[in-house]
Amino acid sequence: MPAVAVIGAQWGDEAKGKVVHHLCRTARMCVRFNGGANAGHTVEDGRGTARLHLVPSGALHPRCQGVVGHGVALDPWELERELGELEAQRRPAPDLLLSERAHLVLPFHRLREELSGAADRIGTTRRGIGPCYEDRVARRGLRLADLADEKMVLDHLIECAQRAGGGPDPKEVWGELLRFRERFADRIGDAQRAIATALDGGSDVVFEGAQGTLLDLDLGTYPCVTSSTTTVHGIGWGTGVRVNLARVVGVMKAYTTRVGEGPFPTEELGAVGDRLREGGGEYGATTGRPRRCGWLDLVALRHAHRVNGFTELALTKLDVLSGLHEIKVAVAYTIAGQGGAAFPARVEDLARAEPVYEVLPGWGEDIAGARDEEELPSAARGLVRFVEMELGVPVTLIGTGPGEQAMIERGSK
Ligand code: IMP
């Protein structure tokens with residue numbers, strides 16, 4: 001399995017961290033290519049629960065190098081904090097390579113995000129991600145490689161403070177960045193070349209997407225999206241490598257969640273939503289915000305499949321649906337009286353979408369921790385089959401709980 005992509009098929013938080021960690025057991029390299037510390041990837045293994053934001057999930061395996069591609073908005077302070085947390089869990093220090101071309105998220109970016117009102121308007125994670133990518137596109141960003149030029153860094157920080165109209169003392173930030181440069185000197189380098197070399201040598205490489213397809217800057221629910229390319233196309237965008245992917249794994253929950261603003265046609269505001277939130281622990285891994293919850297949406301998932309060309313699906317958190325009398329799945333939308341509408345480009349249209357539901361039987365059995373398909377009641381198997389039939393993609397992994405072992409593997413290649 002030389003090159004594998006793991007991509008969120010919904011609005012993020014699909015449990016990609018767990019899937020990536022599983023697929024990286026034998027991988028040589030795990031590559032993040034988009035997003036930044038807005039992501040929260042959770043891995044629960046023998047050492048406890050690791051909440052990762054910038055460290056690639058596969059890098060928790062000792063033989064798997066974690067590579068942070070240039071498409072990642074890299075917040076040095078967050079990275080250091082995260083590494084400190086891993087150390088506190090007595091985990092070995094991950095083997096990291098940070099792209100010298102990655103743009104730095106600075107404290108001024110967070111400040112600008114607040115001042116611009118985007119944090120409230122879009123419901124962002126307040127991590128300065130949008131302003132960092134803005135500076136990148138405006139060709140005034142600061143990249144890791146630039147840390148070599150101390151004067152340039154200081155001038156840049158003074159300009160940032162002026163643009164933000166305040167914030168921390170540029171000189172202090174400068175000192176911290178130089179300390180970061182010293183600490184990570186031997187881990188900053190040419191990630192593009194390293195990934196290409198690993199692939200050329202036939203090594204197993206897993207590309208770990210952050211957020212999900214519906215949060216993609218262009219193909220998601222614009223403008224209520226993040227600022228990076230969250231789909232499979234982000235791999236070239238965020239690493240500079242042309243990859244022949246052997247597998248594109250779409251990760252989807254057995255229901256839908258969303259954090260932040262924006263339309264969500266299958267959202268359940270009442271008891272069902274509460275039940276999914278509590279059962280699934282649906283609180284943001286980065287911000288702690290309660291996630292909005294609702295039924296599975298196959299219209300949105302068909303869009304995600306068309307965009308990414310999934311070769312297989314990982315259906316996570318199936319255990320959370322146990323105990324529900326019936327399970328609804330949206331199979332179509334009606335928009336302004338028009339049936340069979342495709343996933344629309346405009347949020348104004350998505351806000352008017354009325355889901356057409358197929359109602360499937362639920363099950364009462366607790367399936368938490370199941371590792372064999374035989375342990376699933378027929379209604380649970382029926383839901384898996386229904387998803388496969390509707391999307392035309394095989395489900396090769398089924399998540400049955402947060403732990404790394406709580407997973408059913410079905411004929412994975
Ligand atoms: P930003 O990425 O912080 O700019 O936030 C933009 C939108 O993407 C907001 O709705 C966030 O809640 C959402 N978002 C960003 N990262 C994640 C994630 O990892 N999971 C789920 N939603 C996210």
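Ligands are counted one by one from 1 in listed order, and the atoms in each one are counted from 1 as well. All residue numbers refer to positions in the sequence shown, counting from 1.
In terms of protein heavy atoms, atom 7 (C) of ligand 1 is closest to Val225 O, 3.8 Å. Nearest protein heavy-atom contact of atom 2 (O) of ligand 1 is Thr226 OG1, 2.6 Å. Scanning the protein heavy atoms around atom 5 (O) of ligand 1, the nearest turns out to be Thr124 CA, 3.3 Å. Protein heavy atom at the shortest distance from atom 21 (C) of ligand 1 is Asp13 OD2, 3.1 Å.
One option in Thr125, Leu214, Val259 has a heavy atom closer to atom 15 (C) of ligand 1 than any other, and that option is Thr125. When the heavy atoms of Leu215, Thr287, Asn38 are ranked by distance to atom 14 (N) of ligand 1, first place goes to Leu215.
Checking only distances, Arg289 does come within under 3.5 Å of ligand 1, N or O to N or O.
Classification of the Phe343-Tyr333 ring pair by plane angle, with boundaries at 30° and 60°, yields tilted.
Each of Thr316, Val320, Val272 was compared with Tyr255 under the side-chain contact (heavy atoms from CB on, under 4.5 Å) criterion, and only Val320 meets it.
Heavy-atom contacts of Trp11 reach the following atoms of ligand 1: 21 (C), 22 (N) (cutoff under 4.0 Å). In summary, the atoms of ligand 1 found under 4.0 Å from a heavy atom of Gly123, numbered by their order in the structure, are 9 (C), 10 (O), 11 (C), 12 (O). For ligand 1, the atoms sitting less than 4.0 Å from at least one non-hydrogen atom of Gln211 are 15 (C), 16 (N), 17 (C), 18 (C), 19 (O), numbered in the order shown with element in parentheses.
In the model, Thr221 has a side-chain atom that pairs as donor or acceptor with a side-chain atom of Arg258 under 3.5 Å. Side-chain atoms of Ser57 and Glu208 include a donor-acceptor pair closer than 3.5 Å. With 3.5 Å as the limit, one finds no donor-acceptor pair spanning the side chains of Arg127 and Thr125.
Salt-bridge formation is not detected for the pair Arg163/Glu134: no Lys NZ or Arg NE/NH1/NH2 atom is positioned less than 4.0 Å from an Asp or Glu carboxylate oxygen.
Between the CZ atom in Arg25 and the CG atom in Asp204 there is a gap of 11.0 Å [rounded to 0.5 Å].
The shortest separation from a heavy atom of Ala39 to ligand 1 is under 4.0 Å, placing the residue in contact.
For Arg136 and Trp237, the positive end sits near the middle of the six-membered ring, less than 6.0 Å away and at most 45° from its axis.
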